[in-house]
Every structure is written in C-alpha cells, then in structure tokens.
Amino acid sequence: MDDKAAANLASAIAQATALGDELIITRDWVITAVLPVTCPIRFMGGPIKQTTLGPGILSINDMPDVYVVGDGQLIGTNAENAATPSAAILIANSPRAYIGDGLRIVTARFGIWDNGGNHGLHVNRVTFLGSTSGGGTSASSASDFYGGANPAGPTRDLRITNCLFLGNSKVAVLPNANGGNPDFIVSDNIVCPMNPSGTARLSIADTQRHYGIMTGYTGGHVGTRVLANNIVIGTACIGFVCESTTTTTGSTVLSGNAAVECGFGLVGTDSGMRGGFVLLNGQHVVATGNLALNCYVQSLFVKWVNGNLSTNPGGTATISGFVVRGARAATQGLGAGLPPVGVRLENAARVVLADFDIDVTDARGCGRRQSECGHGSYFLGSRNGRRADCQWQGARRRSLCRSN
C-alpha cells in the first residue's frame, strides 16, 4: 500500500503491517522521533526528514526479510547524542535484511548502525551524503556504516557493496568495531569526501574524514573479512586500515583496492599513523593487486604490536602485486615534512612480499638495524640484526631490496 491517505507516517506503517504489505513512500514526511519499522519500505518519493536533534530516523528490530529500498532520501540532523545512537537506520535482530537500490542517506551522524543479529544483512547501492563540517558536531565518533560489539550478538554474512560514501564523517565504513561482526564482504564501493550535494570533492582544508574503510578497530577478529575492488580517495589519515589483536584466528583478504591521495593530515586532531594501507596487530592477511596512488607519508605500513617478536610475533601477511605511484610528503598535521615511504615494516615477522612495482621519488631510505635495504623501503624492529622472517620474492622497476 502507499502512504497517500495516511494521517502520519506511523499510522501508514501500522496499516501496511496489518495488511502484510510493503509501504510505498510517495510523499514528503517530517518526523520528530525515531520511527519503529514493522513492514518493508519502498521509496517512490519522499524524503523522510528528522527535525529533532539527537534521535535517528528508522528503527528496525526483529524483522526477518525486511527491506528499505528505492529512490528516496532519509535526512538526519547531523547531531551527536551519546545516549541514543543518532542513525538514519538502526537495525537489529533482522536476518536477511536488505537496504539500498538507490536509497540516499543525508547528514546523519551514523548512516546505518548494525546493532547485531542481522544474519545476511546486505547494503547495496546506497549513497551517503554529509555536510562540509563533518558527521556529528565534532566528528569525534561518526560513520556512514557502523557495526560494533553488538548487544544482540554479531551479524554474520554482512555485505556492503556498490555504495557511494561521499560524506565527511570520521569513518566511511566500520563494519566490526570492538570485536564485533566476524564475517563480512566490503566490495565495489567508492569513498570520497564531497560537498553536501555530492557534486564536487572537498578541499583538504574542509576534509574531516579520517579513515576510508576500517576493520577490527580495538577488537579481536575470528572470522573472514574481505575487502575487494574498493576505491578510497582523499581521506586525511588512512585509506584502508585493518586491525586486530595478536590472539586472533581470523583472516583478512585485500584484493584489487585503491587508495588515492590519502594521508595528507589534519590540523588539530590528527593521527600520526597515516598513508594508503595500514595493517596492524596480529592477523592473517592475504593482499593481492592493490594500488596506492599519490598517498602521503607511507603507502603500505605493516606493524605487529602488543608483544615482542620472540614471544608474541603477531600475525602473518602475504602481500603481492602491490603498486605504489607518486608517494609524497605530508604538508600538515603530525607527519608534516616527513619524506614519503613506499613500504614500511615495523616489528612485522612472518611477512612475505612478492612482485612489487614501486616508483617513489625522494623517498626515505633504510632504517637502522636491518639486513635489507632499497629504494622506497623502510624497516624497523629487526630481530637480532636479521630480517625477522620477512621475505622479499622479487620487485619490478626500482627494486625495493635485495637479500644480503
């Protein structure tokens, strides 16, 4: 049924639910409180606009096979509220949910908040738009897609595909913060901070987006996460950051991704860890065919921490077909003035790097206490003056390094 005769949106949802039907949105709606969703929603008009600071827009709970789709908009208030997640869509306990097919989410502190239990959640063809000032009043905690340590338990088989993350909140995609969702695929998405209409890229001065796609933030990871064929452009700190604890049994696959002009830094709140791709702590990584183009400070950084190499060596990584072009020094923030690094390994045991193609001019050379060196490479934390089990299996063009 459609909403044409409804007195308000809540009654329209109730009527569609009673009929066992989907609700077709054809009108513009303004709401002042979070709207519980008990039926599928299809946009053929709209938007639905929240005008009250703090609450979100749609709340979906315990709705198997629900969907929110179509050519319409959910418009938030871009406000921070610590007590209530201010999300355009807050979804929990709803297996096989689908969100997308042309949907646009605008100026919401959190675009989609996965609150757990949504086994088979698929987000596809959603455009996220923001404001020049960032997501939330300070951008301290805001994401277009967020999935954390969920009270309803993890969401399994999460897929985020073919989306445009054009907002300016702190993180574009954060699927499993604090040890949350174990299994997910993030593929064929574009991240680029743009103006509120999505027609022009933001300047460096206006960019508040720290990270493009971030996985495993402050938590362990026990499943399989796949990042494939994504493009991240113009994030201030890092394009792709994959993190876990040293006790993880999970794996990360990075394939065919590109980080472009990432890591230029922020004036004020900043991160000293910057660049195109950053792999942290203990995880099992397989990375093939990724590109860092015109990134700042370091194009690829691998660092296993939370322990020493002899007793707690962290994870493993096999990285091949990695291409670096046009690395550059940062001009602002904590990394300002540091010459660029093509590949940097720190305390990174059991790493295999093969078939690289590096072109870094004026790059930082070799660090101390290492047994391999070469143009565009930088190593720290070798064990007993040796290579700490890092293996180079060949490089093209300006060779990264050669065995002693």
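Quick note: residue numbers are just sequence positions, from 1.
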Should [X] and [Y] count as side-chain neighbours, where that means a heavy-atom distance under 4.5 Å?
| X | Y | value |
| --- | --- | --- |
| Ile75 | Ile48 | no |
| Val173 | Phe165 | yes |
| Val278 | Phe240 | no |
| Asp144 | Ser169 | yes |
| Val69 | Phe43 | no |
| Asn124 | Arg159 | no |
| Leu300 | Ile319 | yes |
| Glu22 | Tyr67 | yes |

request  = Test side chain to side chain contact (heavy atoms under 4.5 Å, CB included) on Val37 and Ile89 and set out the steps.
outcome  = CA-CA 10 Å; Val37 174; Ile89 299 177; over 6 Å; no
Any side-chain donor-acceptor pair under 3.5 Å between [X] and [Y]?
| X | Y | result |
| --- | --- | --- |
| Asn189 | Asn230 | yes |
| Arg209 | Thr235 | no |
| Asp2 | Thr26 | no |
| Arg104 | Thr127 | no |
| Asp3 | Trp29 | yes |
| Thr161 | His122 | yes |
| Asp188 | Asn162 | no |
| Tyr296 | Glu261 | no |

Distance, nearest 0.5 Å, that separates [atom1] of [X] from [atom2] of [Y]:
| X | Y | atom1 | atom2 | answer |
| --- | --- | --- | --- | --- |
| Asn176 | Glu243 | CG | CD | 10.0 Å |
| Leu23 | Ile41 | CG | CD1 | 6.0 Å |
| Asn118 | Arg96 | CG | CZ | 11.0 Å |
| Met194 | Thr199 | CE | OG1 | 6.5 Å |
| Ile31 | Thr52 | CD1 | OG1 | 8.5 Å |
| Leu279 | Thr252 | CG | OG1 | 8.0 Å |

task = Go through the steps for Leu227 and Cys242 under the test side chain to side chain contact (heavy atoms under 4.5 Å, CB included), then give the verdict.
result = CA-CA 10 Å; Leu227 309 182; Cys242 300; 3.8 Å; yes
key: side-chain hydrogen bond (donor to acceptor under 3.5 Å, both in side chains) between Asp183 and Thr224, worked out   = CA-CA 5 Å; Asp183 304 295; Thr224 300; 4.6 Å; no
Considering all heavy atoms, the nearest [X]-[Y] contact:
| X | Y | result |
| --- | --- | --- |
| Pro36 | Val34 | CD-O, 3.4 Å |
| Val191 | Gly212 | CG1-CA, 4.1 Å |
| Ala228 | Asn257 | C-OD1, 3.4 Å |
| Leu19 | Met1 | CD1-SD, 4.0 Å |
| Phe322 | Ser299 | CZ-O, 4.0 Å |
| Cys262 | Gly234 | SG-N, 4.0 Å |

message = Aromatic contact between Phe128 and Phe145, with the criterion being ring centroids under 6.0 Å apart: yes or no?
response = no
query = In terms of ring plane angle, is the pair Tyr146 and Phe110 parallel, tilted or perpendicular, where the classes change at 30° and 60°?
reply = perpendicular
Side-chain donor/acceptor of [X] to backbone N/O of [Y], under 3.5 Å:
| X | Y | answer |
| --- | --- | --- |
| Gln298 | Arg274 | yes |
| Gln50 | Ile57 | no |
| His119 | Arg156 | yes |
| Asn290 | Leu254 | yes |

request  = Please test Thr107 against Thr77 for side chain to side chain contact (heavy atoms under 4.5 Å, CB included), starting from the C-alpha separation and ending with a verdict.
outcome  = CA-CA 6 Å; Thr107 58; Thr77 58; over 6 Å; no
request  = Go through the steps for Ile105 and Leu129 under the test side chain to side chain contact (heavy atoms under 4.5 Å, CB included), then give the verdict.
outcome  = CA-CA 6 Å; Ile105 295 178; Leu129 294 164; over 6 Å; no
